[in-house]
Each structure stands twice: as C-alpha cells, then as structure tokens.
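In what follows, chains carry the letters A, B, and so on, assigned in the order in which the sequence lines appear, proteins first and then strands, with residues in each chain numbered from 1. The basis for the numbers below is simple: all heavy atoms, side chains too, and nothing from hydrogens, waters or symmetry mates. As the structure is a prediction and not an experimental result, all values here were calculated from the model.
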Amino acid sequence: MTAPHLLHVDMDAFYASVAIRDRPELHDVPVVVGGGHRGVVLSANYPARGYGIRSGMSGGEARRLCPRLVEVPPDFDVLRPVSKAIMETFRGFSPVVEVMSLDEAFLDVRGAARLFGPPEVIAERIRSRVRAEHGITCSVGIAAAVSVAKLASRRAKPDGVLAIPPERFVAVVHPLDVGELYGVGEATRQRLHRLGLITVGDVARVPVAELRRMVGGHLGGHLHALAWGADRSELSPGGAGTFGFGEGVPEGSMGAQHTLAADTRDRDRLARELLRLSTRVTARLRAADKVGRTVAITVRWSDFRTISRSRTLPEPTDVTHDVYEAALLLLDAVFPLRMAVRLVGVRVEGLRPRREIGGRQLVIGEPDPGWPDADRAVDRATDRFGPTAVRRGSLL
DNA sequence: TCTGGGGTCCTAGGACCC
DNA sequence: TCTGGGGTCCTAGGACCC
C-alpha cells in the first residue's frame, strides 16, 4: 500500500477572503464576490454561507436569501498576484506543485520529509505560512491519489486538515454519497441514483464489467477506479491544470464568451460582440505564440439552451480578421434566430505552437492583405497603452 | 433581475480512405 | 456483385471542474 504523499491545498472562500481581508468592517457580514446584474456568485464568505448562499448561485437568488448581502466584483489584478505568491509558498515545500486554479494546488511531498517532516506536519506548516503571509485560511487534504486528496480537503473545510490514507479509504469514503467523488457531477449522480447506486460503496461493490455495461465503458471504468481510490498518484507540474484553470498556457483551445446585458436578436449587435471576442482571443493566441485551425462559436438562447457551431480552416491562424470572418459566417448560418440570444462566444481549437507552422501561407498571386501586420501593431499599442488604446472602427 | 467565463475530456455519427 | 472492418477527421453536444 502506498503511503499518502499528495497534499491538496485549497483556500477557504478565496475570492471573498481576499476581497475582505483589508476591510475589517466586512468580516462579520455576509459578502459575496460576483453576483451583480446577470452574474453568479463566485465566492461567498462564511456569514453568507450561513444564509444558504453558495458559489454558482445566481446573484438574484443570493439576494433573495439575504437582502443585506454585500456584493463585490472580482478584482483579478489583486487576486492573481496573491495567488502567485501563495503558489510560491507551496514551492518552498516541494518543487512538485500542480496548480489547479487561482486558489488550489496539489503538492507531492515525498521528497520533503527529511527537511519538513511527514505530510501532516507539512500541511500545518503551509497553513501557518499562508495565514501569516496572506491573512487567509486554507484547508488541506492528504492522500495517495489525486481524487482522494481533493475529496479530503473538501471535507476538511473550513480551516482544517484531513488525511485519508489508503487503509482508511473504505471506512471514510464508502459511506458517502457518490456525488462526493471528484468528477461525479449532478448529472452522473442522478443517473447513478436512478440505478440504485447511492453511496460510493454501492458503486464499488458493482463488478467493473457490470458497471461498464450500465453506464458505458469509459465512465464505468473511471467510476470503479474512483470508488476504490485508485486515481492517478503522479502530478504533472507546470501545465495549465486538468481543467485549464492553472497558471500555464492552455494546450487545446482558447476562447472568450460574454453574456449580453440584455437578450437580443440584432444581428449587428451580435456581430460587434463577435469582433470584440475574436480580438480578445487572438491577442491571447499571439501572446502565447499559438495558432489554431478550428473556429467555434457558442450561442446561448434566452431559454438557456446552448448550441455550438464550428468550422475548420485550411490553415491554422492567430489573425483577428480570419477568426472574426469565420465566426461571422457561423453566426449568419444560425439565422433566422429561433429566439433572442443571451450569450455569444468565440473559441479557437486545435492549438499548436506557432513555430510549427512557420509564416502565414500565401496563395501565389494573391496580395498579402496585411492583417498580421495590423494585428502586431495593435498588440504593440495595447502593450504600451492598455486594452482600450486601440479599437476597430465598428466597435466605436 | 434566475443561472459567468475559462477550460478539458468523452461520445457519437458521418465522411472518407485503405 | 456484395459485404466488411479499421482508422482519421470533422462536427455537435454534454458532463465536469474552478
């Protein structure tokens, strides 16, 4: 049996904690970060949670639960440096850190025992450091597999530590609802419940072949592994995180989407939004030296149903005009609209490093339209003067 | 005043090729 | 003449995570 060597460190109500740590007058009142006009709660402090407010909840519902709720917009210019500093604190304990998001990371502490002690001791040292240096609390899960460490930190919250070594996995985790498993969301939870599988133990006791037959090969195998704590035990540091929320550059796709202030059926309004989003996405592509071949748009209707349309280009691109043109073609193919549009998005998929493709391919005899040069000029101006320095005529 | 924005991975069907 | 399998690419949708 493997000894637990993984720590999952998760800040408690990170966005809210950072937002209120220098504002003592807000410490004991219900506060959320997010909410707002058509937004959702990104983070709720513990007084707000006392009213039943949770992250992911709409701002409207949160205000209904607590009319005197204080809502603060997220300030990523503050959150990002705080997050970076916290991750550096983690790296002081182990070089093997897999950053999952601004507020959580996995650490492999196998090499740290001699310097810092066993995992439980390291966990407390990390918690003291984060509290002392950043004025916020965090919780730590300790286990031999990623999904178990994650589950442990969640159950340790707030401001606690929980170790689930392999020999205690069955006793601690099998009685829990299947929805507690990392990777089992509401849809899968309901599906399993309908099959009579309520607890993790219920899933674990189904022979894996039977489980595969019930829910499909891949999911069945995955669930069986999760239910026995047999998830991966090695970290992959430096990446963008399993869910693309880490600190690295996204590997597969980059996108931008926006919920409009009011639903609309106005084609020109939607086209302007696509141009704005295409501009943002391609600037990020160029900054990351990436190009992509597939352009996809997302359209969310006023009833919240969502469709996507995509188109693969002959050559990969990072050119604003190319992405916008493809996005606009996709949008026009959705007309006539079946109802008003709530959200539009632009995503570029199939990313590759730009150096792999060399320069832009030009068809012989076709004049260079000059778009890459225009983009570079825009990037330079934006770097120097900020994102509002340059706007296309149609965005003014 | 219901329900953000950034990602990853999987499935499934059809086209196309060998 | 008829039937068949495997692999890859493309597209659309859905589940999940923070």
Side-chain angles (χ1 to χ4, degrees), chain A residues 8 10-11 13-15 32-43 54-65 67 71 73-74 76 79-80 83 99-106 146-147 150-151 153-154 179 181-192 215-223 226 236 239-263 277 280-281 284 293-314 330 333-334 342-351:
Chain A
H8 180 254
D10 200 338
M11 302 303 126
F14 181 61
Y15 292 18
V32 297
V33 173
H37 173 47
R38 302 182 95 184
V40 298
V41 173
L42 299 173
S43 177
R54 298 286 180 271
S55 55
M57 187 176 276
S58 75
E61 192 175 357
R63 286 187 292 276
R64 207 158 44 242
L65 289 168
E71 290 171 273
F76 289 97
L79 289 164
R80 260 190 300 262
S83 170
V99 178
M100 295 300 287
S101 68
L102 288 183
D103 72 332
E104 62 175 280
F106 290 97
V146 160
S147 70
K150 171 74 192 173
L151 186 151
S153 72
R154 198 156 55 190
L181 291 174
Y182 185 49
V184 175
E186 195 46 35
T188 306
R189 175 177 178 270
Q190 299 231 348
R191 192 171 165 196
L192 292 168
V215 300
H218 187 90
L219 181 59
H222 183 57
L223 285 173
L226 288 180
S236 41
T242 316
F243 299 102
F245 213 89
E247 52 187 4
V249 171
E251 288 292 309
S253 70
M254 281 189 195
Q257 58 181 49
H258 182 67
T259 295
L260 304 163
D263 297 355
L277 296 169
R280 196 193 299 171
V281 171
R284 288 181 56 214
R293 249 188 92 202
T294 301
V295 176
I297 65 165
T298 300
V299 173
R300 176 164 295 154
W301 307 112
S302 54
D303 71 356
F304 225 74
R305 282 186 308 167
T306 307
I307 62 164
S308 64
R309 294 291 180 267
S310 67
R311 174 186 169 82
T312 299
L313 309 176
L330 292 164
V334 175
R342 176 189 178 87
L343 166 150
V344 284
V346 174
R347 176 160 293 277
V348 178
E349 304 170 346
L351 300 191

Q: Can you find a pair of side-chain heavy atoms, one from A:W301 and one from A:I307, that are under 4.5 Å apart?
A: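 A side-chain contact exists here, since the closest heavy-atom pair is under 4.5 Å.
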Q: Do A:H222 and A:T188 touch side chain to side chain, with heavy atoms closer than 4.5 Å?
A: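 The answer is no, as the side chains (C-beta and beyond) never meet within the 4.5 Å cut-off.
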Q: Any side-chain N or O of A:K150 below 4.0 angstrom from OP1/OP2 of C:dC18?
A: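 Yes, such a contact exists.
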Q: Under 5.5 Å between ring centres and under 30° between planes: true for A:Y182 and the base of C:dC17?
A: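 No; centroid distance or tilt outside limits.
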Q: I'd like to check A:V215 versus A:L192 (side-chain heavy atoms, cut-off strictly below 4.5 Å). Are they in contact?
A: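 A side-chain contact under 4.5 Å exists here.
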Q: Under 4.0 Å: is that the gap between some side-chain N or O of A:S58 and OP1 or OP2 of B:dT1?
A: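 Looking at the OP1 and OP2 atoms of B:dT1, neither is under 4.0 Å from any side-chain N or O of A:S58.
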Q: For a 4.5 angstrom cut-off between non-hydrogen side-chain atoms, does A:T298 reach A:R347?
A: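 A:T298 vs A:R347: side chains apart.
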Q: Would you kindly give the NE2-to-P distance between A:H218 and C:dA15, to the nearest whole Å?
A: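 From A:H218 NE2 to C:dA15 P: 15 Å.
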Q: Heavy atoms only, 4.0 Å cut-off, all strands: where does A:M57 land among base, sugar-phosphate and nothing?
A: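 Answer is nothing: A:M57 stays at 4.0 Å or more from every strand.
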Q: CD1 of A:I297 versus C1' of B:dG5: gap in Å, rounded?
A: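 From A:I297 CD1 to B:dG5 C1': 17 Å.
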Q: On DNA chain B, check which nucleotide each of A:R64 and A:R347 is closest to and give me the residue with the more 5' one.
A: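 The residue closer to the strand's 5' end, by nearest nucleotide, is A:R64.
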Q: Separation of A:F304 atom CZ from B:dT1 atom P, in whole Å?
A: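 Whole-Å distance recorded here is 18 Å.
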Q: Within a strict 4.5 Å, meaning less than it, do heavy atoms of the A:R80 and A:L102 side chains meet?
A: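 They are in side-chain contact.
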Q: Between A:H258 and B:dG4, is there a contact of a side-chain N or O with OP1 or OP2 at under 4.0 Å?
A: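 Result: no.
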Q: Are side-chain heavy atoms of A:M57 and A:V32 found at a separation under 4.5 Å?
A: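 No; the side chains remain at least 4.5 Å from each other.
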Q: Are the side chains of A:H8 and A:R154 in touch, meaning some heavy atoms are under 4.5 Å apart?
A: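 The answer is no, as the side chains (C-beta and beyond) never meet within the 4.5 Å cut-off.
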Q: Please measure how far the C1' atom in B:dG4 lies from the corresponding atom in C:dC16, and state the result in whole Å.
A: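 After rounding to an integer number of Å, I get 16 Å for this pair.
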Q: Heavy atoms, side chains only, cut-off 4.5 Å: are A:E251 and A:L351 in contact?
A: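 Answer no - side chains too far apart.
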Q: Provide, to the nearest angstrom, the distance between the CZ atom belonging to A:R80 and the C1' atom belonging to B:dG5.
A: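 Computing the A:R80:CZ to B:dG5:C1' distance gives 13 Å.
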Q: Would you please test A:S43 and A:S55 for side-chain hydrogen bond (donor to acceptor under 3.5 Å, both in side chains) and show each step?
A: CA-CA 5 Å; A:S43 177; A:S55 55; over 6 Å; no
Q: Nearest whole angstrom, please: distance from the P of C:dC18 to the CE of A:M11.
A: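 From A:M11 CE to C:dC18 P: 14 Å.
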Q: If you look at every strand shown and take non-hydrogen atoms under 4.0 Å, does A:A296 touch a base, only sugar-phosphate, or nothing?
A: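 It contacts nothing in the nucleic acid.
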Q: At under 4.0 Å between heavy atoms, what does A:R280 touch on the DNA or RNA strands: base, sugar-phosphate, or nothing?
A: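 Sugar-phosphate, no base atom in range.
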Q: Round to the nearest Å and state the distance from A:L79 atom CG to B:dG5 atom P.
A: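 Computing the A:L79:CG to B:dG5:P distance gives 17 Å.
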Q: If anything within 90° of 0 is syn and all else is anti, what is C:dC2?
A: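 Judged by the O4'-C1' to base torsion, C:dC2 sits in anti, the angle falling more than 90° away from 0.
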Q: Mind checking A:S55 for me? I need base, sugar-phosphate or nothing, with any heavy atom below 4.0 Å counting as a touch.
A: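 The answer is nothing, as A:S55 stays clear of every strand by at least 4.0 Å.
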Q: Within this structure, what is the CD-to-C1' distance between A:E186 and C:dA15, rounded to whole angstrom?
A: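 One finds 12 Å between C1' of C:dA15 and CD of A:E186, rounded.
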Q: Distance check, rounded to the nearest 0.5 Å: A:L260 atom CG versus A:S302 atom OG?
A: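 Going from CG on A:L260 over to OG on A:S302, the span is 11.5 Å.
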Q: Which nucleotides of nucleotides 8-14 of chain C have their base under 4.0 Å from a protein heavy atom (B), which only their sugar-phosphate (S), and which neither (-), written as one string 5' to 3'?
A: --SSSS-
Q: Output the distance between atom CG (A:L330) and atom CZ (A:R311), rounded to the nearest 0.5 Å.
A: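 Here the rounded value is 6.5 Å.
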Q: Does a side-chain N or O of A:T259 approach OP1 or OP2 of B:dT3 to a distance below 4.0 Å, or not?
A: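 Answer is no, no contact under 4.0 Å.
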Q: Using a cut-off of 4.0 Å on non-hydrogen atoms, how would the nucleic acid contact of A:E61 be classed: base, sugar-phosphate, or nothing?
A: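 Touches nothing.
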Q: Mapping A:R300 and A:G217 onto DNA chain B by nearest heavy atom, which one lands closer to the 5' end?
A: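 Checking each residue's closest nucleotide, the 5'-ward one belongs to A:R300.
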Q: Quick one: A:L260 CG to B:dG5 P, roughly how many Å, whole number?
A: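 Whole-Å distance recorded here is 9 Å.
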Q: Using a 3.5 Å cut-off on both pairing distances, which stems of three or more Watson-Crick or G-U pairs include DNA chain B?
A: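 The stems that DNA chain B takes part in, listed by first number, are B:5-18 with C:5-18.
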Q: Under 4.0 Å between a side-chain N or O of A:R342 and OP1 or OP2 of B:dG4?
A: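 Looking at the OP1 and OP2 atoms of B:dG4, one of them is under 4.0 Å from a side-chain N or O of A:R342.
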